[in-house]
Amino acid sequence: MIKLYGIAVSRTARPMWALEELGLPYQLETVDFRKGEHKQQEYLTLNPMGRIPALQDGDVFMTESLAITLYIAQRYGTGKLWPADEPSRARVLQWSLWAATEPEPVAYAMLKETNKKSDDQDIRALNASNANIKPLMDYLSIYLSQTPHLLGEAFSLADLNVAVVLDYASPRSKFDLSPWPSVAKWHEACHNRNAYQKLNQLRAAVPAV
Ligand SMILES: N[C@@H](CCC(=O)N[C@@H](CS)C(=O)NCC(=O)O)C(=O)O
């Protein structure tokens with residue numbers, strides 16, 4: 001059975017969402033970074049980088065959350081998360097690397113700033129003043145104002161990988177997506193998926209430290 005190392009309240013949620021979308025059984029091996037478990041020797045032997053998540057599937061061992069979702073989709077999700085045709089598959093790769101290299105650093109930095117603010121007005125001012133996120137949202141809008149998902153009609157791993165990174169800059173993290181209505185609508189639709197709802201239940205069940 002697939003083993004996933006990590007905890008739902010972390011980037012481990014990314015491959016968990018992909019596994020839930022495909023209804024694949026998996027075993028979550030809890031490595032709680034909030035308790036420093038990712039820096040203990042047992043885990044470092046598996047992943048010397050000391051970060052979560054990591055995946056073991058038979059003789060496949062790998063790290064990097066978005067690479068793991070790509071692996072899961074390619075191996076188990078053809079015709080579902082992983083499109084059957086080559087041009088669409090190329091675009092899943094494009095959007096996944098875009099997610100990792102463009103919005104990920106910007107949105108993560110925003111989330112860290114948002115977490116430092118206590119007041120809604122401060123957060124709104126922070127959102128309004130963040131010039132780095134605007135061109136990324138404008139770019140996404142070009143596609144999402146034409147089709148409901150990034151590759152067209154159907155939800156794919158391109159949506160999952162971009163949506164999960166944008167969770168750092170979304171109403172969940174008090175980011176106002178309303179200037180980009182098509183992005184807001186798409187993001188909400190991604191969050192309304194059964195697999196994402198299941199993921200939220202798993203996150204909610206994680207005890208606070
Ligand atoms: N690029 C990596 C980043 C992994 C990462 O930074 N994970 C965080 C949890 S979300 C972590 O392990 N943090 C603990 C630390 O950096 O010490 C990925 O996407 O998997």
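Ligands are counted one by one from 1 in listed order, and the atoms in each one are counted from 1 as well. Keep in mind it's a predicted model, so treat the numbers as computed, not measured.
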With R14 as the cation and Y71 as the aromatic partner, state whether NZ or CZ is under 6.0 Å from the six-membered ring centre and within 45° of the axis.
no
Shortest heavy-atom approach to [atom] - which of [options]:
| atom | options | answer |
| --- | --- | --- |
| atom 14 (C) of ligand 1 | E37, H38, R34, R11 | H38 |
| atom 5 (C) of ligand 1 | E64, R51, E104 | R51 |
| atom 19 (O) of ligand 1 | S65, A54, P15, P53 | S65 |

Are H38 and Y43 an aromatic pair, judged by ring center distance below 6.0 Å?
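That pair fails the under 6.0 Å test.
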May I ask you to decide if the ring planes of Y143 and Y139 are parallel, tilted or perpendicular, using 30° and 60° as cut-offs?
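If you compare the ring of Y143 with that of Y139, the planes turn out perpendicular.
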Contact between ligand 1 and K39 is defined here as a heavy atom of the residue under 4.0 Å from a ligand atom; is it met?
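Yes, that is the case, since the closest heavy atom of the residue is under 4.0 Å from the ligand.
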Non-hydrogen atom of I52 closer than 4.0 Å to ligand 1
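Yes.
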One pair to check against side-chain contact (heavy atoms from CB on, under 4.5 Å): T63 and R51. What are the steps and the verdict?
CA-CA 8 Å; T63 63; R51 296 245 169 97; over 6 Å; no
With R193 via salt bridge (charged side-chain N to carboxylate O under 4.0 Å, His left out) - residues at least two apart:
E21
